[in-house]
Amino acid sequence: ATTHPLWPQIDKLTMEQLGYAQQGVEGGVWQLFAEEGEMKMYRRELEEGGLVVDPLKAVHQVRGATAHEMVHHFWSPDVRFEWDTSIEQMTVLDRISEDTLIFLQLHKRVWPTAQRDALFWSHIRKIPPSDPANGDAYDTWIVCNQSTDHPDAPKDEKVVRVDLTVCFVCQTFLDPPPAEGEAPTRDNLLTKITYCSVVNPGGWAPASVLRAVYKREYPKFLKRFTQYVVDKCAAQPINF
Ligand SMILES: CC(C)(C)c1cc(CCc2ccccn2)cc(-c2ccc(S(=O)(=O)CCO)cc2)c1
């Protein structure tokens, strides 16, 4: 509900992240580090207190699924284990509203670093068609994940808490548009995706290990996730 104490932060950060995601990657600050078909992954080198927190921005586009189908599967706790191979445990600590949950997830340990967990609110929202951010898209959806505190989150000394800000922005285009008077089919669906993340790994973790992990894991994650949604929705009625 919009009366929750976190709501002003959720609303502000979600719209800021939308703007950040829609900024181009020109100007030389972003370094292309992976490219596979339509998927391009960029990073910026940034260290905070000797820790690698390299911001990442990935752009991709896929046919056959809508922005809503993409963001729903990214946000929903019910299918998290179907695509996210980096987590060992996941709990929804709180449902702030129908579109905002608080997740606690334990990530698989990456040797030689200590095991990490993430505690964050996750907000899903359709951007109003009147919002300029919608551009010439059929529709625009966003999920924003932001680290937060929660009284019910267990504190295990052996586990290091990461600090993350993640946004997942999807836009549906009817390309090619359906024939005059015809309903769209999945062949008319083109969805453009922008995934942004800044993750501070928390405690000690060698830069070489973190950079190796995210250079290997992120391209796999985005390809795997988008293919999973396209395959899962293929035989279903289109969910705009
Ligand atoms: C590699 C790095 C970027 C630092 C990293 C390290 C770890 C913790 C696991 C880990 C990996 C490598 C080294 C140490 N710990 C988690 C994540 C992470 C968490 C969440 C999301 S999400 O997009 O919100 C999808 C929901 O799960 C994406 C990425 C990233």
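Position 1 is the first residue of the sequence; numbering continues from there. The shown structure was predicted, so the numbers you read here are calculated from the model rather than taken from an experiment. Each ligand, and each atom within it, is numbered from 1 in the order the structure gives.
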### Task
Could you tell me whether Phe168 and Trp141 have their ring centroids closer than 6.0 angstrom?
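Phe168 vs Trp141: aromatic centres not under 6.0 Å.
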### Message
Would you say the ring centers of Tyr218 and Phe33 fall short of 6.0 Å from each other?
### Response
no
### Task
If the plane angle is over 60° it's perpendicular, under 30° parallel, otherwise tilted; pick one for Phe225 and Tyr228.
tilted
### Message
Can you classify the ring geometry of Tyr138 versus Phe240 as parallel (below 30°), tilted (30 to 60°) or perpendicular (above 60°)?
### Response
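If you compare the ring of Tyr138 with that of Phe240, the planes turn out tilted.
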### Query
Mind checking whether Thr113 has an N or O less than 3.5 Å away from an N or O of ligand 1?
no
Residue, atom name and distance, where the atom is the protein heavy atom closest to [atom]:
| atom | value |
| --- | --- |
| atom 17 (C) of ligand 1 | Val199 CG1, 4.2 Å |
| atom 9 (C) of ligand 1 | His107 CB, 3.7 Å |
| atom 11 (C) of ligand 1 | Val110 CG2, 3.5 Å |

### Task
Considering the heavy atoms of Asp84, write down every atom of ligand 1 situated less than 4.0 Å from one of them.
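In order of numbering, the contacting atoms are 25 (C), 26 (C), 27 (O).
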### Query
Under a 4.0 Å heavy-atom limit, does Tyr195 contact ligand 1 with its side chain, its backbone, both, or neither?
side chain
### Between Gln146 and Gln17: side-chain donor-acceptor atoms closer than 3.5 Å
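Note: Gln146 and Gln17 side chains miss the donor-acceptor criterion.
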### Task
Out of Val213, Val53, Asn145, indicate the one that has the non-hydrogen atom closest to atom 24 (O) of ligand 1.
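Residue with the shortest heavy-atom distance to the ligand atom: Asn145.
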